[in-house]
Amino acid sequence: MSVPLLAVENVTKTYNNDSHEVVALKNISLSVEKGQFVSIVGPSGCGKTTLLEILCGLRTPSSGAVKIKGETITGPHKSIGIVFQEESTFPWRTVLENVEFGLQMQGVGKSERREKARRMIAMVGLSGFEHAYPYQLSGGMKQRVAIARTLVTEPEIVVMDEPFGALDEQTRLILGGELLKIVEQTKATVVLVTHSIQEAALLSDLIVVLSARPGRIKELIRSPLPKPRDATILTTPEFANITQRIWSSLEEEALMFGKGN
Ligand code: ADP
Ligand code: MG
């Protein structure tokens with residue numbers, strides 16, 4: 001078997017909070033293939049953010065390993081681009097300057113980075129707003145900037161923690177559909193944490209359902225939905241079927257969580 005692009009091997013994470021230990025993740029193993037869109041869903045507090053931070057090399061696992069193309073990562077890795085949960089644009093930079101930032105860090109020359117940034121701004125639907133500042137934009141537009149800023153550097157793997165979490169369902173599905181188009185064009189591999197079942201069903205090839213804390217892999221759901229996809233898929237019986245499968249898997253966990261486990 002070929003080596004997967006990204007592999008999580010038997011990862012366990014325990015936090016030591018003063019006097020007591022919190023087991024956040026337990027024995028997580030997962031393979032992500034090149035070009036796959038993987039969503040991680042699970043009840044609040046089950047360790048989704050912890051798992052993403054470990055994936056990105058921002059946090060070390062208590063045991064187990066994360067490998068990129070077979071090599072264990074020991075810190076932030078150049079193949080990974082991150083879009084965080086909270087709005088993460090620089091308020092003092094214009095849209096264009098925000099999107100150029102990563103390229104600037106990579107030492108890309110001014111005219112090349114301008115051109116790349118403009119192209120990416122067009123892809124996320126923000127042409128005409130190049131010189132606007134984040135405070136002049138809606139929440140959805142700011143998230144587009146954050147996404148453009150990460151994607152413009154063409155990371156092999158894009159990791160996102162509830163990037164549309166603060167948006168209404170309609171906006172998040174529209175943005176999700178646009179993200180799909182961009183990902184198809186750039187051939188990026190995506191690992192996304194979301195609490196929206198619809199979003200997971202719309203976007204993913206593989207949905208990873210985590211159990212209530214400590215997060216374990218409860219179920220891997222492979223999507224039978226054809227690609228490319230757009231919003232017309234939302235009304236099909238196949239879409240209803242997959243959202244139902246995700247929901248019933250999650251519901252059991254939510255109920256258990258509610259009982260104080
Ligand atoms: P999720 O993103 O699924 O809501 P988190 O990964 O943020 O879950 O948290 C999982 C568990 O680990 C929670 O019980 C949380 O309190 C704990 N935790 C998260 N981050 C830390 C930290 N930096 N220090 C100690 N405990 C933490
Ligand atoms: Mg989280």
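Along the sequence shown, residues carry numbers from 1. For ligands, and for the atoms within them, numbers begin at 1 and follow the listed sequence.
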> Is ligand 1 less than 4.0 angstrom away from at least one heavy atom of R59?
Replying inline: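 So R59 counts as touching ligand 1.
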> For K227, does the NZ atom have more than 12 heavy-atom neighbours from other residues, nucleotides or ligands under 6.0 Å away?
Replying inline: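 Yes, the 6.0 Å shell around NZ holds more than 12 heavy atoms from other groups.
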>> Given 3.5 Å as the limit, does a donor-acceptor pair link the side chain of K48 with the main chain of P43, or not?
In response: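 Side chain of K48 to backbone of P43, a donor-acceptor pair under 3.5 Å: yes, one is there.
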> Any idea which part of H195 is under 4.0 Å from ligand 1, heavy-atom wise: side chain, backbone, both or neither?
Replying inline: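 Under 4.0 Å from ligand 1, H195 contributes no heavy atoms.
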>> Please determine whether the number of non-hydrogen atoms from other residues, nucleotides or ligands lying under 6.0 Å from atom CZ of F239 exceeds 12.
In response: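 Atom CZ in F239 is packed in, count exceeds 12.
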> Taking distance alone, with no angle check, do V22 and ligand 1 share an N/O pair under 3.5 Å?
Replying inline: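 No.
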>> Between ligand 1 and A24, is the shortest N or O to N or O distance under 3.5 Å?
In response: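 No, since none of the N or O atoms of A24 sits under 3.5 Å from an N or O of ligand 1.
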>> With a cut-off of 2.8 Å, does T49 put an N/O/S atom close enough to the Mg ion (ligand 2)?
In response: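 Yes.
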> Do side-chain atoms of R113 reach the backbone of E100 as a donor and acceptor pair under 3.5 angstrom?
Replying inline: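 Not confirmed, R113 side chain does not pair with E100 backbone.
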>> Could you tell me, atom by atom, which parts of ligand 1 come under 4.0 Å of a heavy atom of N17?
In response: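 So the atoms of ligand 1 that pass are 24 (N), 25 (C), 26 (N).
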>> So does K142 get a backbone contact from the side chain of T89, meaning a donor-acceptor N/O pair under 3.5 Å?
In response: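 Side chain of T89 to backbone of K142: no pair is present.
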>> For atom 6 (O) of ligand 1, tell me which residue out of T50, L52, T14, V193 has the closest non-hydrogen atom.
In response: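 Heavy atom nearest to atom 6 (O) of ligand 1 belongs to T50.
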> Which atoms of ligand 1 sit under 4.0 Å from any heavy atom of G45?
Replying inline: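 The list of qualifying atoms is 1 (P), 3 (O), 4 (O), 8 (O), 10 (C), 11 (C), 13 (C).
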> What residues form a salt bridge (charged side-chain N to carboxylate O under 4.0 Å, His left out) with E238, not counting sequence neighbours?
Replying inline: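 Salt bridge (charged side-chain N to carboxylate O under 4.0 Å, His left out) list for E238, sorted by chain: empty.
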